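Below you'll find the structure I mean.
The shown structure was predicted, so the numbers you read here are calculated from the model rather than taken from an experiment. Note on naming: letters A, B, ... go to the chains in the order of the sequence lines (proteins, then strands), and numbering restarts at 1 for each one.
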Amino acid sequence: MEPPEAGCSLSLIACSCMSGKTLYDKLWDAHVVRCEPDGSTLLYIDRQLLHEVTSPQAFEGLRLSHRPLWRVKACLAVADHNVPTADLEHGISDPVSRLQVETLDGNCAEFGITEFKMGDPRQGVVHVIGPEQGATLPGMTIVCGDSHTSTHGAFGALAFGIGTSEVEHVLATQCLVQKKARNMQVRIDGQPGPGVTAKDLALAVIGHIGTAGGTGHTIEFAGAAIRALSMEGRMTVCNMAIEAGARAGLIAVDQTTVDYLKGRTYAPQGEMWERAVAAWMTLRSDDDAVFDQVVTLDGAAIPPQVTWGTSPEMVVPVDGRVPDPEAQADAVKRESLWRALRYMDLKPSTPITAIAVDKVFIGSCTNARIEDLRAAAQVARGRKLAANVRQALVVPGSGLVKRQAESEGLDVIFREAGFEWREPGCSMCLAMNADRLEPGERCASTSNRNFEGRQGYGGRTHLVSPAMAAAAAVAGHFVDVRTFS
Amino acid sequence: MKPFTRLTSRVVPLDRANVDTDAIIPKQFLKSIRRAGFGPYLFDEWRYLDRGEPDMDCTNRPINSAFILNQPCYFRAQILLARENFGCGSSREHAPWALEDYGFRAIIAPSFADIFYNNCFKNGLLPIVLDAADVNALFLQTGPGFQLTIDLATQTITTPYGATLHFEVDATRKHRLLHGLDDIGLTLQHADEIRAYEARRAVEAPWLFA
């Protein structure tokens, strides 16, 4: 073998020589193929998830260089970004979108990759279907040409987004050249109160450390509030790690993880299951592991969160107010606050609950799992959309989530309240399909990014939890879901 | 990939923090299955006054003349000067493709988002991290006619006033960029080690290879 693996990682992390390993250290060390003196490491990738937007140029690259796929069974593909969420029987009307989806179909057929096509009940948002199928397993390295690949870290897997060149690299070599990131722990103890969800925890963390707070780090989320979360909640938290700047988020494996995975299609079965579970249970940071940075929050002190600006760090509690830029001493930051307020058409010091919404979007890889839909439906039950709300979309994360929700009658609750019940896809999270905001429209959204134009040209996005989004839909403006009756 | 060795060019000061990849290249242009042709749509929502669509002819679109890239003194500049956390958000490699296709070869900022930083090196684009104070000083100095010389081999930036700033870049990335090397070809030189890893791992964790 080349230089010893331990030397590889330890040389980069000062002072951790005698201490235990973090979960990230363990996952990294288990996947080192070789290491250069400057720390550049050839890291083995167990699973690559593919979608239509970031893969066509990668497959084209393989063809042009006459390179075969290294390991076809490591790949799983699905079309999600471009797919329509209504009138599926008519196919994709936008010819450019249709060509991209057809290109994925063609590439998967040519290279023999398993793909869940449109109309297949297993089709859905790539970060929803991986875990749902058990294609996401603890201890894996998982990549996808999508920044929200951090979602899969909820399973104690090292999962991160990559660009298209790297997609091609993994297709051709099953490896990536990487440098190890630093270790950050975000610890949330103290149980959040009723109405406060994983989304609120994630937004509070981003508000606390900023959108670049986790840059260069892998964030392990820990503490009693994280342990108490369901797998759905943990996925929401890890999904948002990238909005805090961290390519990867992680949560240690425990019984909740194992219970979620048991019996899923791609999960190991029988005796192999027992062996795997025994290995997975070691996937947690050692008690004496040292983190380069530790951030601590009190979960009990976190209220429901609402973003007011054009970056996920521009977030305040629902009972707060839009900030006043003049209170900011730094000129660059002050101007960026003013720019955000102008774009969002908000005045300084406006109470959050005084902001009216035009549209509501419940969906995305952040919040379109069954638990999210249940939380939103619970608020919507027996109520009606406010008169000023033009449209409220509910877009399940996958065909299987949709089926489950329908079996529980959630679709009826939503429809009776005036919400539109749609087919699975990324939808208005990034508005690549027909679901979008029009210029000037304001949206309460359960997605992950409130960037300028993200949900449609000139659209204005406020990020919230599913329950908060449903409450805004029926009230017509933001309300504190804790006191909403 | 185009190698990067030495570059002398004008500098566009883009005075905004947290410039995200949605702003660099909006989502509708990601429907393309090609790797080229994104340059005309770089910063589309800031550069034009109308809504851009894929394959649109940009020559007659209404221009936002207040946007820095549209000021004639910065035409054909190959260096972009930016504030912290440049390239945050989506992993879309279309962002460096658009910057490169437009003509940029280097970006200087106090910090970059990790995925974007990584993607730049795959496309002959050099992202340079400098101290916030040095970046601020460059913002104060830039203007029409202001040029910088970037030398990757010596890892230096030279200003017209003779000052030299040093920057860090890891050895492997530097080597690949200086010579425009094909990453996949280099990795495949280690195919035997990858196979050996797989054989060992298949014994330790056979469920990963089922």
Verdict with reasoning, A:V177 to B:R176, per side chain to side chain contact (heavy atoms under 4.5 Å, CB included)
CA-CA 12 Å; A:V177 180; B:R176 290 175 184 216; 3.9 Å; yes
Considering only heavy atoms and a distance below 4.5 Å, find which of A:A212, A:A276, A:P268 pairs most often with chain B.
A:A276
Using a 4.5 angstrom heavy-atom cutoff, name the option from B:D183, B:N119, B:L30 with the most pairs to chain A.
B:L30
Taking all heavy atoms of B:D114 and all of A:H217, pick out the closest pair and write down the distance.
OD2-N, 4.3 Å
Over all atoms of both residues, closest heavy-atom pair of A:R449 and B:D22:
CD-OD1, 4.5 Å
Quick check on the interface: out of A:S336, A:A172, A:A267, A:G453, who has the most heavy-atom pairs with chain B under 4.5 Å?
A:G453
Are any of the side-chain nitrogens in A:R454 or B:D20 under 4.0 Å away from the carboxylate oxygens of its partner?
no
Non-neighbouring partners of A:Y44 that pass ring-ring contact (aromatic ring centres under 6.0 Å, His included), sequence neighbours left out
B:Y197
So, for A:G163 and B:I115, which heavy atoms are closest and what is the spacing to 0.1 Å?
N-CG2, 4.4 Å
Note: vs chain B, highest number of non-hydrogen pairs under 4.5 angstrom among A:R71, A:K333, A:M140, A:E313 is A:R71
Would B:R51 and A:E438 count as a salt bridge (Lys or Arg N to Asp or Glu O under 4.0 Å) here? Give the steps.
CA-CA 11 Å; B:R51 189 196 317 218; A:E438 294 305 318; 3.4 Å; yes
Does anything in residues 134-143 of chain B get under 4.5 Å of chain A by heavy atoms, and if so which residues?
none
Of all of B:S32, B:A17, B:G52, which one pairs up most often with chain A through heavy atoms under 4.5 Å apart?
B:S32
If we ignore angles and hydrogens, is there a donor and acceptor under 3.5 Å between the side chains of B:N18 and A:S311?
no
Non-hydrogen contacts under 4.5 angstrom with chain B: give the residues of residues 57-69 of chain A involved, or none if there are none.
A:Q57, A:R67
Determine which residues belonging to residues 90-101 of chain B lie within contact range of chain A, meaning some heavy atom pair is under 4.5 Å apart, and list them by number or answer 'none'.
B:S90, B:S91, B:R92, B:E93, B:H94, B:W97
